[in-house]
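Encoded as structure tokens, the structure appears first; notes follow it.
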Amino acid sequence: LAQACQRTGWPRRIFLFLLVASIVAACAVLSHRQTRVWKNGISLWTGAINNYPNLPLAYNNRGNAYCYLNENRRALIDFDRALSIKPDYADAYNNRGNAWRGLTEYGRAIADYSSALRFNPDLTDTYFNRAVAYFLTKDYAAAVADLKKYESLGGKVPPAFYRDLRPAMPDRTLN
């Protein structure tokens with residue numbers, strides 16, 4: 001644009017300036033409009049769902065926003081919708097497992113984590129999430145196995161987790 005201005009006379013420079021100013025003004029108006037949609041995660045993803053009702057990512061992410069607000073029952077509806085659109089959506093299974101865990105439905109959480117890992121065995125955080133659920137159901141051996149897998153994929157287990165497991169597994173070396 002700068003080169004075009006140098007090579008042209010004043011009438012074209014004015015035209016180019018007005019063109020650029022119009023584009024900037026249009027972008028400003030569109031940005032202002034978008035801020036009404038993007039108040040929070042729920043409004044953002046609801047807007048996406050309104051525009052793209054068959055986009056599983058939008059349901060999954062709105063479900064995460066509900067989980068963040070501890071509205072796990074509402075989150076489950078969105079995760080279910082995401083999975084009805086894309087039945088092999090590993091992230092949605094993992095996130096639905098988190099919602100179930102938040103509702104203390106540990107068996108359902110473990111089932112969803114296992115489904116997530118069936119579709120994507122490299123979904124690192126799911127091993128940690130399932131280890132937590134196993135720990136809460138007192139299946140300590142399964143929790144340790146998942147923690148080891150989590151670490152093998154590069155995850156870092158908080159030392160407090162192993163500390164909490166030690167009394168339950170005195171005969172095993174955890175680290």
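Values below: every heavy atom of this structure, side chains too, minus hydrogens, waters and symmetry copies. Model, not experiment: these values are computed from the prediction.
A donor-acceptor distance shorter than 3.5 angstrom exists from the side chain of Tyr127 to the backbone of Pro121, with no hydrogens or angles considered. Side-chain atoms of Ser152 come within 3.5 Å of backbone atoms of Lys149 as a donor-acceptor pair (strictly under, hydrogens ignored).
In this structure, the side chains of Asn60 and Asp78 stay at 4.5 Å or more apart for every pair of heavy atoms.
When the salt bridge (Lys or Arg N to Asp or Glu O under 4.0 Å) test is applied to Asp125, no partner is found at least two apart in sequence or on another chain. Phe135 meets the ring pair (Phe, Tyr, Trp, His ring centres under 6.0 Å) test with Tyr140, Phe161; sequence neighbours excluded. For Asp112, the side-chain contact (heavy atoms from CB on, under 4.5 Å) criterion is met by Tyr93, Arg96, Trp100, not counting sequence neighbours. Applying the salt bridge (Lys or Arg N to Asp or Glu O under 4.0 Å) rule to Arg74 yields the partners Glu71; only residues at least two apart in sequence or on another chain are considered. Partners of Tyr89 under the ring pair (Phe, Tyr, Trp, His ring centres under 6.0 Å) rule, at least two apart in sequence or in another chain, do not exist in this structure. The side-chain contact (heavy atoms from CB on, under 4.5 Å) test applied to Asp122 returns Asn120, Leu153, not counting sequence neighbours. Residues satisfying the side-chain contact (heavy atoms from CB on, under 4.5 Å) test with Ile77, not counting sequence neighbours, are none. Residues satisfying the side chain to side chain donor-acceptor pair (under 3.5 Å) test with Ser84, not counting sequence neighbours, are Arg81. Scored by the side-chain contact (heavy atoms from CB on, under 4.5 Å) test, Asn61 finds Trp45, Leu57, Asn64 as partners (sequence neighbours excluded).
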Notebook entry, point to check: Does the pair Asn98 and Tyr113 meet the rule for a side-chain hydrogen bond (donor to acceptor under 3.5 Å, both in side chains), with working shown?
Noted result: CA-CA 8 Å; Asn98 291 338; Tyr113 295 141; 2.6 Å; yes
Notebook entry, point to check: Can you list the steps and then say if Leu55 with Ile49 is a side chain to side chain contact (heavy atoms under 4.5 Å, CB included)?
Noted result: CA-CA 7 Å; Leu55 183 65; Ile49 289 166; over 6 Å; no
Next item on the list: Show your working on side chain to side chain contact (heavy atoms under 4.5 Å, CB included) between Leu165 and Leu147 and close with a plain yes or no.
Entry: CA-CA 11 Å; Leu165 271 170; Leu147 292 175; 3.5 Å; yes
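Note that OG of Ser114 is 7.5 Å distant from CG of Asp146, once rounded to the nearest 0.5 Å. Within the model, atoms CG of Asp139 and CZ of Arg130 stand 10.0 Å from one another, a figure rounded to the nearest 0.5 Å.
The shortest heavy-atom contact between Ser43 and Asn40 is N-OD1, 2.8 Å. Taking all atoms of both residues into account, the shortest heavy-atom contact from Ile42 to Ala65 is CG1-CB, 3.7 Å. Taking all atoms of both residues into account, the shortest heavy-atom contact from Tyr59 to Pro53 is OH-O, 3.0 Å. The minimum heavy-atom distance linking Ala99 with Phe79 is given by the pair CB-CE1, 4.1 Å. Of all non-hydrogen atoms in Ile85 and Pro56, the two that sit nearest each other are CG2-CD, 3.8 Å. The two residues Gly63 and Ala75 come nearest to each other via the heavy atoms O-CB, 3.3 Å.
Evaluation of the salt bridge (Lys or Arg N to Asp or Glu O under 4.0 Å) test over residues 42-58, restricted to residues two or more places apart or in two chains, returns none.
Hydrophobic clustering of Ile, Leu, Val, Met, Phe, Trp and Tyr side chains at less than 4.5 Å, counting indirect connections, unites Val144 with Leu136. Cluster annotation: Leu76 is not connected to Leu83 through the hydrophobic network of ILVMFWY side chains, with a link wherever side-chain heavy atoms come within less than 4.5 Å.
Members clustered with Ile110: Tyr134, by chain and number, using a 4.5 Å side-chain heavy-atom cutoff among hydrophobic residues. Hydrophobic clustering, defined by side-chain heavy atoms of Ile, Leu, Val, Met, Phe, Trp and Tyr closer than 4.5 Å, groups Ile23 together with Leu19.
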